[in-house]
*Asks:* 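Here it is: the structure, laid out below.
Protein chains get the first letters and strands the later ones, always in sequence-line order, with residue 1 at the start of each. Treat the numbers as computed from the prediction; the structure is a model and nothing was measured.
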Number of protein chains: 2
Amino acid sequence: MPIDDWEPPAVLLTVDLVILTLREAGLRVLLIERGVPPHQGALALPGGFLGHLGEDIEAAARRELAEEAGLGDRSLHLEQLGVYGEPGRDPRGRVVSVAYLAVAPRLPDPVAGTDASGAGWHTAESVLSGEVTLAFDHRRIVADGVERARAKLEHSSLATAFCAETFTISELQEVYEAVWGTRLDPRNFYRKVQRTEGFIVADGPSRRTENGRPARLFRAGPRTVLHPPMVRP
Amino acid sequence: MPIDDWEPPAVLLTVDLVILTLREAGLRVLLIERGVPPHQGALALPGGFLGHLGEDIEAAARRELAEEAGLGDRSLHLEQLGVYGEPGRDPRGRVVSVAYLAVAPRLPDPVAGTDASGAGWHTAESVLSGEVTLAFDHRRIVADGVERARAKLEHSSLATAFCAETFTISELQEVYEAVWGTRLDPRNFYRKVQRTEGFIVADGPSRRTENGRPARLFRAGPRTVLHPPMVRP
DNA sequence: GCCACTTACTGTCAGACTGACAAAAAGCTA
DNA sequence: TAGCTTTTTGTCAGTCTGACAGTAAGTGGC
């Protein structure tokens, strides 16, 4: 149907990052303050344009992860979330964004300051409820990212990506409780996690202490798919 | 870091469609024969460039669904699968493709002829095994689409999208068996499906006959999320 | 009309998994 | 040593699953 000299339209490609972590027992997402128009000064997801025409999209995501979030050399979970390309979502023209979901273990404070309303780790709740306003369609992207994380906690070992290399079972439980926003019975959780072969493996006879009985340390096991799954109440 | 007059690179955007259906009790995917270079004459997924700069991506997918597959007015399941934008995947330049997964009920023969090696419905097995060769990275896209369908059969009511408006429980079972590539016990399947409230609802006292005892007819119920899920053996 | 055959549907039963709860173990503080 | 906290091990009844038997309701052959 197109006439012989028809040329397909070209679009601008960006990557946006939903970076999740746990802080103070709550699910947090990293937001930056935009330094340039459009939406200058507004909060938004870290991200940016493809660097050059030959750059791989996931490579661009990792580059932004380093540049904007200071999470360069770390090995963290990174997966594609989806494409957001509705016409009109960006006043600069036809901008299509590939969103990625990243999960980071508990970290020291991020690049920028920690003003409650500035760049930094904001609770997922404040973003989803609209208490914090984001630029573009980024609130929807965060919502999709959080829902993806919630779903993957059920069927995959994603929860271990929120933890340090070694962790206790209660720390793992805190991940589930924070991401799902529910409380779980420690005894049933303990049983379930222990009986799911390959989910977590004991890390030597070491222990750790703080207040009560010392807890055994574990690390992520080889299994990535949980069968049967953890069930969200 | 970018210099002041830096301009972000522009890419070409395409949509590709993984259209799945059931034919002769097997899972099939629709392939077309490319009429223009690159890969002229090779088999590929239906799809094409964004029509114009203001076209919505999902709208483009629906347009290709109508133009290339003749599935225009039908209401069928359509969801975004992911982005495939590796540099070098398309010799025409930097082409980024948004893949969609579509699920269609059993249909009459598609647009083109039915040569075993030509355009038309090919078994998913022949594509995944490499017996049939596809252009670009389309084999990987098909693999991801099939895996997505397999996973969603567990937790959602996607299976009903493979069926006509009304269907019997054995027809629904055939969907699961074809997509998963396994055999299921009809009695346990019957029980499981019946007890999952809202998955399927009886469609009047009507029946249908062919060989054995007539089967009750059902239609898709209001529930889209299955809880507890169907389990893949 | 009776019989064989096919498919649809209803049960049964033992084992696995889950949710709710009790109790013991192992550290700390006072 | 007593009291507190948190971890770990059990218990028990209800539910769900997988394997399998048996009944119901059509077809076609004779």
Side-chain angles (χ1 to χ4, degrees), chain A residues 25 153-155 159 163-164 166-178 180-219 223 225-233, chain B residues 25 153-155 159 163-164 166-178 180-219 223 225-233:
Chain A
L153 246 52
E154 295 188 89
H155 313 288
C163 298
T166 69
F167 49 86
T168 68
I169 290 189
S170 359
E171 284 168 350
L172 192 63
Q173 182 181 341
E174 281 173 30
V175 173
Y176 278 90
E177 293 184 334
W180 283 349
T182 59
R183 303 291 298 177
L184 302 174
D185 184 300
R187 300 161 290 193
N188 293 336
F189 184 83
Y190 201 96
R191 176 184 57 192
K192 173 69 178 173
V193 165
Q194 283 281 45
R195 295 215 182 150
T196 303
E197 191 110 11
F199 185 12
I200 58 174
V201 296
D203 185 64
S206 17
R207 283 151 191 268
R208 181 191 298 180
T209 169
E210 183 179 310
N211 201 346
R213 169 173 176 176
R216 278 185 278 184
L217 287 176
F218 297 84
R219 60 177 64 242
R223 166 157 319 187
V225 184
L226 304 186
H227 215 68
M230 312 286 296
V231 272
R232 230 188 305 193
Chain B
L153 246 54
E154 296 189 87
H155 313 289
C163 299
T166 69
F167 50 86
T168 68
I169 290 189
S170 356
E171 285 168 349
L172 191 63
Q173 182 180 342
E174 281 173 30
V175 173
Y176 278 89
E177 293 184 333
W180 282 350
T182 59
R183 304 291 298 175
L184 300 173
D185 184 303
R187 301 160 290 192
N188 293 338
F189 184 83
Y190 202 96
R191 176 185 59 191
K192 174 68 178 174
V193 164
Q194 284 280 45
R195 295 215 181 148
T196 303
E197 191 109 12
F199 185 12
I200 58 174
V201 297
D203 184 65
S206 17
R207 286 152 189 266
R208 179 191 300 179
T209 169
E210 182 178 309
N211 200 348
R213 168 175 175 176
R216 279 185 278 184
L217 286 176
F218 296 84
R219 60 175 64 240
R223 166 155 321 187
V225 184
L226 304 185
H227 215 68
M230 311 286 296
V231 273
R232 226 188 308 193

*Asks:* Going by the rule salt bridge (Lys or Arg N to Asp or Glu O under 4.0 Å), which residues pair with Arg187(A) if we only count those two or more places apart in sequence or in a different chain?
*Replies:*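 Scan of Arg187(A) (salt bridge (Lys or Arg N to Asp or Glu O under 4.0 Å), adjacent residues dropped) gives Asp185(A).
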*Asks:* Which pairs would a plain distance check flag for residues 195-204 of chain B, meaning a side-chain donor or acceptor within less than 3.5 Å of a matching protein atom at least two apart in sequence or in another chain?
*Replies:*
residue   : atom : partner   : partner atom : Å
Thr196(B) : OG1  : Lys192(B) : O            : 2.8
Asp203(B) : OD1  : Arg219(B) : NE           : 2.6
Asp203(B) : OD1  : Arg219(B) : NH2          : 2.6

*Asks:* How many Å lie between CG on Leu217(B) and P on dT7(C), as a whole number?
*Replies:* 17 Å
*Asks:* Got Gln194(B) and Phe218(B) here, is their nearest side-chain heavy-atom distance under 4.5 Å?
*Replies:* yes
*Asks:* Can you name the nearest heavy-atom pair linking Val193(B) to Met230(B), along with the distance?
*Replies:*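 In terms of heavy atoms, the two residues are closest at CG2-CE, 4.0 Å.
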*Asks:* Base contacts versus sugar-phosphate-only contacts with protein, heavy atoms under 4.0 Å: please encode nucleotides 16-25 of chain D as B, S and - from 5' to 3'.
*Replies:* -BBBBB--BB
*Asks:* Identify, with sequence neighbours excluded, every residue that meets side chain to side chain donor-acceptor pair (under 3.5 Å) alongside Arg213(A).
*Replies:* none
*Asks:* Can you find a side chain N or O atom of Arg216(A) that sits less than 4.0 Å from OP1 or OP2 on dT9(D)?
*Replies:*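 So the side chain of Arg216(A) is within the cut-off, an N or O lying under 4.0 Å from OP1 or OP2 of dT9(D).
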*Asks:* Give the rounded distance in Å between these two atoms: CD of Glu197(A) and P of dC17(C).
*Replies:*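 Result: 12 Å.
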*Asks:* Rounding to a whole Å, what distance do you find between Arg183(A):CZ and dG19(C):P?
*Replies:*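 Atom CZ in Arg183(A) sits about 16 Å away from atom P in dG19(C).
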*Asks:* Tyr176(B): what forms a ring-ring contact (aromatic ring centres under 6.0 Å, His included) with it, not counting sequence neighbours?
*Replies:*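 Listed in chain order: Trp180(B), Phe189(B).
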*Asks:* What is the separation between atom CD on Gln194(A) and atom P on dT18(C), rounded to the nearest whole Å?
*Replies:* 14 Å
*Asks:* Atom NE2 of His227(A) to atom P of dT18(C): distance rounded to whole Å?
*Replies:*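 Distance check: His227(A) NE2 to dT18(C) P gives 12 Å.
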*Asks:* Tell me, which of residues 168-175 of chain B have any heavy atom that sits under 4.0 Å from an atom in DNA chain C?
*Replies:* Ser170(B)
*Asks:* In sequence, state the C-alpha distance, the side-chain angles, and the governing distance for Arg207(B) and Thr168(B), and then conclude on side-chain contact (heavy atoms from CB on, under 4.5 Å).
*Replies:* CA-CA 9 Å; Arg207(B) 286 152 189 266; Thr168(B) 68; over 6 Å; no
*Asks:* Tell me the interatomic distance from Ile200(A), atom CD1, to dT8(D), atom C1', rounded to whole angstroms.
*Replies:*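 It works out to 13 Å between those atoms.
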*Asks:* Looking only at non-hydrogen atoms, find the nearest pair between Ala159(B) and Leu172(B) and report the distance.
*Replies:* CB-CD1, 3.8 Å
